[in-house]
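Inspection log for the structure reproduced underneath, given as structure tokens.
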Protein chains: 2
Amino acid sequence: MKQDLRILKTQESLRHALLTLLKTKPLESITIAELCRLAKINRGTFYSHYKNVHDVFKHYLEVIVEDFRHAYEEPYHKTNFHIQHIEADMIKIFHHVKKYQDFYQIIFDERIPMMYYYQLFDTVRSFMQMSIDDSYLELDKSIKVDYLISYQTNAILGILIEWHRQGYETSIQELNQQLITILSINSPFRKM
Amino acid sequence: MKQDLRILKTQESLRHALLTLLKTKPLESITIAELCRLAKINRGTFYSHYKNVHDVFKHYLEVIVEDFRHAYEEPYHKTNFHIQHIEADMIKIFHHVKKYQDFYQIIFDERIPMMYYYQLFDTVRSFMQMSIDDSYLELDKSIKVDYLISYQTNAILGILIEWHRQGYETSIQELNQQLITILSINSPFRKM
DNA sequence: ATAGTTAATGTACACATGTTCAATATCTTA
DNA sequence: TAAGATATTGAACATGTGTACATTAACTAT
């Protein structure tokens, strides 16, 4: 059973139209009607593929997250956990966000729904989980690991929020240096 | 110059109508037209007070944040920084969120814009800044304090996100115990 | 109590949203 | 390539959005 070409064409037209519009106006001000006019798609057809404009944007974030996972899951990750690896892990996050800065500027925008933040959160969290699993094997039994992981994950995202607010002016190298300093103060990943 | 009573009446009607509607449906599905019908306010009048439904909701969050600041700024804060104080500080955040759980359930909803998250972030961040100012006076000169503070702040919010996702089932006492454990692992506020 | 100010109302308009349905066009598979 | 399946279109409808403006109502200050 082949994928129907009409569906592909419709979705690609809409996605392409969104990218085009994003060059000239913010995501929140793009209407479904506008998107359909540009894509030359009947507005009724839109609703059989997407619920709203965010639904179209979501596709790109999924591609981006997939690229993120790829960059993250490299061979050395099979090795055991070291503090050096955390540095390497996090600098990858910074590189990733910088690479897709145009998108992350949208995602961190105050008018945009939390869903994108949560998608990033979940991705970073799954990486953090792998690190924690490796390094905190003999954790205090009283700790609920979920809270620890969400704490650590969101801490990293806090750096991204700060980066965003400062207009992504801090260089990746500087950012990494800051993180190393913060971690050396907090030592969240020191051997136990 | 007195505040015009008509303005107060209009705004209070709209705010009251919003609270009423929130009992039966999610914020994102409440329309301006609906709000105005219930409040018996002409829809045109709405726009001379608010830009959208979120603008009306924002008022409540401001009241809530004000209450938060009050609860936070108590006498003992004049004393010097101790790890015990951080515990006390953070358990206040948990109490606060629990007190206004109905609102925070909305704020952390994935459909809701980031602006509310940022408002909470900024509030907690200002508290964190006070703590950092007290305790990290002789910080490594190479650190950009903004990144450190945003890191610490968002870490705490990470716990709130996890709390939200688990349906606020964890008790405040348990949450506080978790935080103490996490802090004792990470020691982010230990004396330097 | 009144004059002057200003907020609220009612109406209208152009456009967006979300849904429905019959007619048409385009695909897939045999 | 023809038949059957299904996606797209166009049209219509009720409702929401954002804005404008003349009219009416309510308020403040004197």
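Proteins come first, then strands; the chains are lettered A, B, ... in the order of their sequence lines, and each starts at number 1.
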Just to verify, which of A:Asp89, A:Thr123, A:Asp67 counts as forming a side chain to side chain donor-acceptor pair (under 3.5 Å) with A:Tyr72? A:Asp89
Taking any heavy-atom pair under 4.0 Å as a contact, classify [X]: base, sugar-phosphate, or nothing.
X	answer
A:Gln3	sugar-phosphate
A:Thr45	base
B:Asp4	sugar-phosphate
A:Lys40	sugar-phosphate

If the threshold is 4.0 Å, N to carboxylate O, is there a salt bridge linking A:Asp4 and A:Arg6? yes
Salt-bridge present (A:Glu34, A:Arg43; N to O < 4.0 Å):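 Salt bridge: no.
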Note: chain A reaches DNA chain D at heavy-atom distances under 4.0 Å over the stretch, first to last nt, 5' to 3', of D:dT6 to D:dG10
If we only count heavy atoms from C-beta on, is the A:Glu62 to A:Gln119 side-chain gap below 4.5 Å?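 A:Glu62 reaches A:Gln119 side chain to side chain.
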Please examine the side chains of A:Ser150 and B:Trp163, heavy atoms only from C-beta on, and report whether any two atoms are closer than 4.5 Å.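 With C-beta onward as the side chain, the pair stays apart.
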Using only heavy-atom distances, determine whether the side chains of B:Glu174 and B:Gln178 contain a donor-acceptor pair under 3.5 Å. yes
Any residue meeting ring pair (Phe, Tyr, Trp, His ring centres under 6.0 Å) with A:Tyr47, in chain and number order, not counting sequence neighbours: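 A:Tyr47 satisfies ring pair (Phe, Tyr, Trp, His ring centres under 6.0 Å) with no residue once adjacent residues are dropped.
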Listing, residues 50-61 of chain A side-chain donor-acceptor contacts under 3.5 Å, not counting sequence neighbours, or none:
from    : atom 1 : to       : atom 2 : distance (Å)
A:Asn52 : OD1    : A:His54  : N      : 3.1
A:Asn52 : OD1    : A:Asp55  : N      : 3.0
A:His54 : ND1    : A:Tyr116 : OH     : 2.8
A:His54 : NE2    : A:Glu28  : OE1    : 2.8
A:Asp55 : OD1    : A:Lys58  : NZ     : 3.0
A:Asp55 : OD2    : A:Lys51  : N      : 3.0
A:His59 : ND1    : A:Arg15  : NE     : 3.4
A:Tyr60 : OH     : A:Arg15  : O      : 3.0

Give a yes/no verdict on a cation-pi contact between A:Arg165 and B:Tyr118, requiring under 6.0 Å between NZ or CZ and the six-membered ring centre and an angle within 45° of the axis.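 Relative to the ring axis of B:Tyr118, which defines the angle, A:Arg165 lies inside both limits.
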From the 5' end of DNA chain C to its 3' end, which nucleotides mark the outer limits of contact with chain A, defined by a 4.0 Å heavy-atom distance cut-off (strictly under)?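 In short, chain A contacts DNA chain C from C:dA16 to C:dT29.
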Heavy-atom nearest nucleotide on DNA chain D taken for B:Thr31 and for B:Leu5; more 5' hit belongs to B:Thr31
Check for me whether the distance between the ring centres of A:Tyr104 and A:His96 falls short of 6.0 Å.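 Ring centres of A:His96 and A:Tyr104 closer than 6.0 Å.
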Who pairs with A:His95 by side-chain hydrogen bond (donor to acceptor under 3.5 Å, both in side chains), at least two apart in sequence or on another chain? none
Please give the angle, rounded to 10 degrees, between the axes at the start and the end of the helix from C:dA1-D:dT30 to C:dA30-D:dT1, where five pairs define each axis.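 End axes: 40° apart.
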